[in-house]
Amino acid sequence: MSADRKKSGLPLLLVNARIVDPASKRDERGGVLVENGVIVDIGPQVTKQNAPVDAEIVDCGGHVLIPGLVDMRVQLREPGEEHQETIATGSLAAAAGGVTSMVCLPNTHPIIDDVSGVEYIARRARETKRAKIYCYGALTQGLAGRDLVEMGMLSEFGALGFTDALHAVADAQVMRRALYYARTFDLLIVQHPEEPTLAAGGAMNNGELATRIGLPGIPACAEVMMIERDLHLVRMSGARYHVAHVSTAAAVEAIRRAKQEGLRVTCDTAPPYFSLNENEIGDYRTFAKLSPPLRGESDRRAIAAAVAEGIIDCIASDHAPHDVESKRVPFVQAAAGIVGLETLLPVSLELYHKGSLSLLDLLKCLTSRPAEILGLPQGRLAKGAPADMVLIDLDKPRRIDVTSFKSKSKNSPYDGRPVQGAVLQTFVDGRLVFATDGEG
Amino acid sequence: MSAETRTPNPFFPHRHLLGIEGLSAAEIERLLDLSNRYADMTKDDSTARALLRGRTVMNVFFENSTRTQTSFELAAKRLGADVTNMSVGTSSIKKGETLLDTAMTLNAMRPDVMIVRHPDSGAINLLSQKVDGAVINAGDGRHEHPTQALLDALTIRRRLGKLQGLLVAICGDILHSRVARSNIHLLTKMGARVRVIAPTTLLPSNIDRMGVEVFTDMRKGLKDVDIVMMLRLQLERMQGAYVPSVREYFHFFGLDYEKLSVAKPNALIMHPGPMNRGVEIDSEVADDINRSVIREQVEMGVAVRMACLDALTRDIVGSNR
């Protein structure tokens with residue numbers, strides 16, 4: 001595709017694709033016509049033959065065309081820690097990973113707890129012009145767990161929800177008021193579910209391995225304790241509550257019951273929690289240090305099953321870039337978290353390739369469902385929707401190679417992992433922002 | 001004054017005025033009618049001046065107040081009573097005396113009426129059980145402030161001629177407000193429809209069970225209302241615990257002309273005072289001489305309190321009525 005087209009605003013026609021769109025449950029051969037960044041026609045009737053004369057035509061070669069991924073939990077480290085990631089490098093990584101929309105956490109420096117922070121992210125996203133970048137506002141001022149943030153005003157400026165990022169709100173009265181206050185404007189509260197006093201000082205999952213290698217453990221029940229507490233407050237307040245990166249079977253059960261009861265509860269998990277277990281730590285591998293920690297095998301299986309069953313609504317990358325110095329230290333001192341934007345899709349596709357769930361159901365977790373929770377119009381391929389699209393080679397076998405990552409940080413436990421599936425091209429509002437040949 | 005010196009008082013068959021909740025619509029109507037007569041009297045009406053001559057009225061304020069205490073004091077003086085002001089908040093409590101010991105001490109001075117304000121809900125009910133004279137609740141915790149509701153009602157009635165059928169919005173810190181509770185009781189009893197509008201953090205649980213409609217959006221809650229009652233938001237409550245900041249509160253809940261534009265064209269603006277300009281109310285709105293009745297409320301306060309003192313002392317033998 002020529003550089004001219006990107007600027008010209010000419011119609012874009014993608015033909016000969018297998019269109020897979022979870023929102024409409026569409027899985028069929030066809031094409032997509034895009035004008036001014038918006039899908040204007042889609043389906044088997046869209047072919048080269050009836051293309052507008054001036055259209056730029058992309059032959060998809062029979063590959064799978066899906067909505068761009070909507071990643072509801074990333075850290076881009078800007079402003080404040082640009083040596084680990086920037087909005088520019090994070091956007092490149094997103095585009096390479098098929099992520100066209102992402103929501104970053106407010107734990108930057110300065111913390112996003114006022115209107116100017118939200119505006120800064122929005123401005124940098126406009127300048128970068130790759131993936132669409134949104135942010136959550138802090139739930140409490142300075143992430144200190146005490147005083148509420150101006151949620152109403154931040155929301156008017158574009159914050160999609162409120163969270164204290166890597167911290168759970170420890171004080172139940174503060175959490176109660178936060179949920180009540182959010183209810184005023186019907187805003188989304190995102191919780192890092194971990195009872196902080198129980199998790200304090202812990203470096204990995206509590207259990208046999210922690211005992212053997214002598215690391216302080218975080219009990220798995222720290223997760224469900226916080227969720228259960230919050231669910232009582234959600235019931236009282238009627239607020240919208242989202243649990244981030246669920247990692248235990250007990251948490252899944254608590255969320256299942258809450259959903260059955262009709263509470264406005266949703267949750268996500270991240271690929272490590274259904275693809276890896278605590279044994280990954282092995283000989284103190286700090287790339288396997290996460291928060292929440294990788295759990296035992298039974299919890300991993302429960303998370304995979306909960307994704308397949310739909311109890312877990314979304315899969316988010318939980319992208320957490322760290323420089324080498326943050327990880328090349330004794331395990332207890334190492335930073336928690338891994339880069340995830342470029343492994344989100346292939347590692348999630350494992351669930352499909354193993355037959356755990358259908359392609360439509362898996363993609364729903366990555367596209368339409370997070371968009372719906374966040375109140376975004378994208379995450380679907382339909383007339384009138386923004387043309388955020390990813391062309392993938394669904395079955396291509398390859399090994400994950402961290403040296404090819406666009407992300408500034410390379411802290412991934414997946415290096416060398418054999419996977420199936422690769423992003424060929426990524427479009428945001430009809431603009432090509434990534435292609436495997438290096439364009440974009 | 002002991003129990004046997006009392007005769008039945010058909011005008012107001014209660015010994016105390018502890019709240020609006022225990023009053024009937026007819027009793028409220030009678031109090032408002034009487035208040036209205038006092039409102040039309042001159043400051044030095046000689047009949048009124050003779051009414052409580054020789055009687056003792058004691059202002060007992062366990063919580064600081066300027067305007068309410070002054071209003072009660074003036075009301076009692078215009079009825080000819082001897083008035084004492086006790087600011088207990090700054091004396092006995094700090095010396096460790098219990099509420100009831102303080103009450104018994106004051107009772108021994110034989111006041112005919114004790115006007116009491118206390119920071120704890122229910123404290124005045126407790127005190128009223130232990131004293132011989134009449135007790136008027138001048139505000140207890142977040143429970144009731146009956147004379148404020150009466151003066152609000154009188155102000156509305158004198159402006160609009162009725163309470164029945166009016167649509168009234170009470171906006172702001174409902175959670176901590178005794179003014180809101182007393183007004184909800186009074187207005188719903190008198191046939192007005194009441195809405196409360198606040199961020200969810202400032203709405204008490206199950207407030208809808210008190211017969212009000214609940215809103216969290218001023219633009220929706222103020223739609224077509226006849227009366228807008230603003231409540232004071234204390235500074236310490238808007239620094240993060242209940243409300244994130246003053247500017248956010250004013251942005252979403254401060255009464256300005258834009259939010260007011262959905263109300264009835266001549267909707268009245270009320271505020272129990274003291275106002276926080278630029279927090280819950282825009283100065284322009286507060287000072288709008290066509291719509292703001294805030295100063296009138298203060299004026300009606302004295303009349304209402306005269307009526308309450310009158311009504312509660314009619315059962316005393318030897319009263320010259």
### Task
Output the distance between atom OG1 (A:Thr184) and atom CG (B:Leu203), rounded to the nearest 0.5 Å.
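If we round to the nearest 0.5 Å, A:Thr184:OG1 and B:Leu203:CG are 7.5 Å apart.
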#### Entry: Separation between OG1 of B:Thr200 and CZ of A:Phe185, rounded to the nearest 0.5 Å
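It is 8.0 Å, given to the nearest 0.5 Å.
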### Query
Residues of residues 142-149 of chain A under 4.5 Å from chain B (heavy atom pairs)?
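When heavy atoms of chain B are the reference, residues 142-149 of chain A contributes A:Arg146, A:Asp147, A:Leu148, A:Val149 within the under-4.5 Å range.
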### Query
B:Thr201 and A:Arg177: which non-hydrogen atoms are nearest, and at how many Å?
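Heavy atoms of B:Thr201 and A:Arg177 come nearest at CG2-O, 3.2 Å.
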### Task
Using a cut-off of under 4.5 Å on heavy-atom pairs, state which of B:Ala198, B:Ser205, B:Pro199 scores highest against chain A.
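Of B:Ala198, B:Ser205, B:Pro199, B:Pro199 has the most heavy-atom pairs under 4.5 Å with chain A.
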### Task
Among A:Gln141, A:Arg183, A:Glu156, A:Met153, single out the residue with the greatest number of heavy-atom pairs under 4.5 Å to chain B.
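Highest number of heavy-atom pairs under 4.5 Å: A:Met153.
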### Task
Using salt bridge (charged side-chain N to carboxylate O under 4.0 Å, His left out) as the criterion, list what pairs up with A:Arg176, not counting sequence neighbours.
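Applying salt bridge (charged side-chain N to carboxylate O under 4.0 Å, His left out) to A:Arg176 gives none.
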### Message
As an exercise: rank A:Met236, A:Gln173, A:Met151 by heavy-atom pairs under 4.5 Å with chain B and give me the winner.
### Response
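Sorted descending by pairs with chain B, the first entry is A:Met151.
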#### Entry: Region of B:Tyr242 that comes under 4.5 Å of a non-hydrogen atom in chain A
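For B:Tyr242, the contact with chain A is made by backbone and side chain together.
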### Message
Please determine whether the number of non-hydrogen atoms from other residues, nucleotides or ligands lying under 6.0 Å from atom CD of B:Glu21 exceeds 12.
### Response
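Count not over threshold, so no.
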### Query
Going by distance alone, is a donor N or O of one side chain under 3.5 Å from an acceptor N or O of the other, for A:Glu150 and B:His251?
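Looking only at side-chain atoms, B:His251 and A:Glu150 do not form any donor-acceptor pair under 3.5 Å.
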### Task
Let me see the working for A:Tyr180 and B:Thr216 under side-chain contact (heavy atoms from CB on, under 4.5 Å), right down to the final yes or no.
CA-CA 11 Å; A:Tyr180 271 74; B:Thr216 55; over 6 Å; no
